[in-house]
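Below, all heavy atoms of this structure are taken into account, side chains as well, without hydrogens, waters or symmetry copies. Quick caveat: nothing in here was measured; it's all calculated off a predicted structure.
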Amino acid sequence: MNTNQLSERLAMVASFVPNHTVLADIGSDHAYLPCYLMNKGKIRKAIAGEVVKGPFEAATRNVDLHGFADRIEVRLANGLQAIEDADNVETVTIAGMGGTLITSILEAGKDRLKYVQRIIVQPNLHAIAIREWAVANGFCIIDEEILQEDSKIYEVLVLEKGTADYSKTDLLVGPVLRRKLSSVFRAKWEREMLEWQRVIKALDHAEQSEEIKRKRANIQENIELVGKVLAHEEK
């Protein structure tokens, strides 16, 4: 991967970045995404945020190497603390982390989202946490994609300011992804259902405490919800 050729998952994130936007890429790791977008002439300027010194230094070197130091500023900061009001950031990207971590970054820095019109996230797992955060914080899901790369399945969520009423099924599998019902989506949830069924069998052999019963009931409900989506029973 380099500034001319992104991984498939990052290329998918890049595809949702609006033209001529001001970007903040959080957890930028070598600043591949902002450099790629700048190379394509797609963004006006960017902030590349990194919380760890090593990746921060790598991102700085990469930006300097490609001559983008006047348009991409690399900052050592925790999450959205990399953004200042004066930056007028319009688009935020966060990729390659767990959904729970991405959610914690958004929650901790939501005061920095004043001018942000779009948030594009690529969680490695637990995307439901991001969907729940969006609902609670005045964002709606305008698009989603799912892809497989190197035997791993990734989801990309695109949020914009607005309100929406999502069902439990929407939050679990994605309101847009469930409508697209792609082969990768189907493969992900068929695999997930097999794992849930394995867990239920294990729980059935455990001491039946109230906590175990609740956990089993929650998993069984998820199996039924996803089963209906895959069978086209729930519209």
Supply the atom-to-atom distance [X] [atom1] to [Y] [atom2], rounded to the nearest 0.5 angstrom.
X	Y	atom1	atom2	value
L101	H126	CG	NE2	12.0 Å
Y154	E8	OH	CD	10.0 Å
K168	N222	NZ	CG	6.0 Å
K161	C140	NZ	SG	11.5 Å
I141	R131	CD1	CZ	5.5 Å
R118	L113	CZ	CG	15.0 Å

(message) Using the rule given for side-chain contact (heavy atoms from CB on, under 4.5 Å), can you reason through L33 versus V13, listing the C-alpha separation, both sets of side-chain angles and the distance that settles it, and then say yes or no?
(response) CA-CA 9 Å; L33 181 61; V13 171; 3.9 Å; yes

(message) Running the 4.5 Å side-chain criterion over Ile, Leu, Val, Met, Phe, Trp and Tyr, what cluster does V51 land in, apart from itself?
(response) V52

(message) With salt bridge (Lys or Arg N to Asp or Glu O under 4.0 Å) as the criterion, how do D87 and R112 come out once you've worked through the C-alpha distance, each side chain's angles and the decisive distance to 0.1 Å?
(response) CA-CA 10 Å; D87 299 323; R112 305 292 175 118; over 6 Å; no

Side-chain donor/acceptor of [X] to backbone N/O of [Y], under 3.5 Å:
X	Y	answer
H205	K201	yes
E73	I47	no
E90	V22	yes
D143	V158	no

(request) Please say which of I153, L147, L230 ends up in a side-chain contact (heavy atoms from CB on, under 4.5 Å) with F185. (result) L230

(request) Let me know which of V92, T91, N88 forms a side-chain contact (heavy atoms from CB on, under 4.5 Å) with V116. (result) V92

(message) Any salt bridge linking D170 with R179? Criterion: basic side-chain nitrogen under 4.0 Å from a carboxylate oxygen.
(response) no

(message) Salt bridge or not between K213 and E210? Use side-chain N to carboxylate O under 4.0 Å.
(response) yes

Looking at side-chain heavy atoms only, is the closest gap between [X] and [Y] below 4.5 Å?
X	Y	answer
K110	N137	yes
I212	E207	no
I26	T93	no
V226	V173	yes
I105	M97	yes
Y115	V89	no
E84	R75	yes
F16	E145	yes

(request) Test K152 against E149 for salt bridge (Lys or Arg N to Asp or Glu O under 4.0 Å), laying out the working first. (result) CA-CA 5 Å; K152 294 182 181 178; E149 182 176 23; over 6 Å; no

[X] to [Y] - nearest heavy-atom pair and separation:
X	Y	result
S15	K42	O-NZ, 3.7 Å
E155	L177	OE1-CD1, 3.4 Å
L203	Q208	O-NE2, 2.8 Å
I102	P123	CD1-CA, 3.8 Å
F68	C35	CE1-O, 3.6 Å
M193	I223	CE-O, 3.6 Å

(message) Regarding S28 and E50, do their side chains bring together a donor and an acceptor under 3.5 Å, going by distance alone?
(response) no

(message) Could you check whether Q122 and N124, counting side-chain N and O atoms only, form a donor-acceptor pair closer than 3.5 Å?
(response) yes

(request) Starting from the C-alpha separation in whole Å, work towards a yes-or-no answer on side-chain contact (heavy atoms from CB on, under 4.5 Å) for E221 and R216. (result) CA-CA 9 Å; E221 182 183 14; R216 190 192 190 286; over 6 Å; no

(message) Under the criterion side-chain contact (heavy atoms from CB on, under 4.5 Å), I'd like the reasoning laid out for S182 against I146: C-alpha separation, chi angles, the key distance, then a yes or no.
(response) CA-CA 8 Å; S182 71; I146 188 167; 3.4 Å; yes

With hydrophobic residues grouped by side-chain heavy-atom distances under 4.5 Å, do [X] and [Y] end up in a single group?
X	Y	result
I200	L194	no
L125	M12	no
Y32	L65	no

(message) Run E190 and K188 through salt bridge (Lys or Arg N to Asp or Glu O under 4.0 Å) and show every step you take.
(response) CA-CA 6 Å; E190 286 175 348; K188 170 188 168 69; over 6 Å; no

(request) Any chance you could lay out the salt bridge (Lys or Arg N to Asp or Glu O under 4.0 Å) test for K45 and D70, step after step, and finish with the verdict? (result) CA-CA 9 Å; K45 62 178 182 177; D70 59 331; over 6 Å; no

(request) Could you walk me through whether I120 and V17 pass side-chain contact (heavy atoms from CB on, under 4.5 Å), step by step? (result) CA-CA 8 Å; I120 307 159; V17 174; 3.8 Å; yes

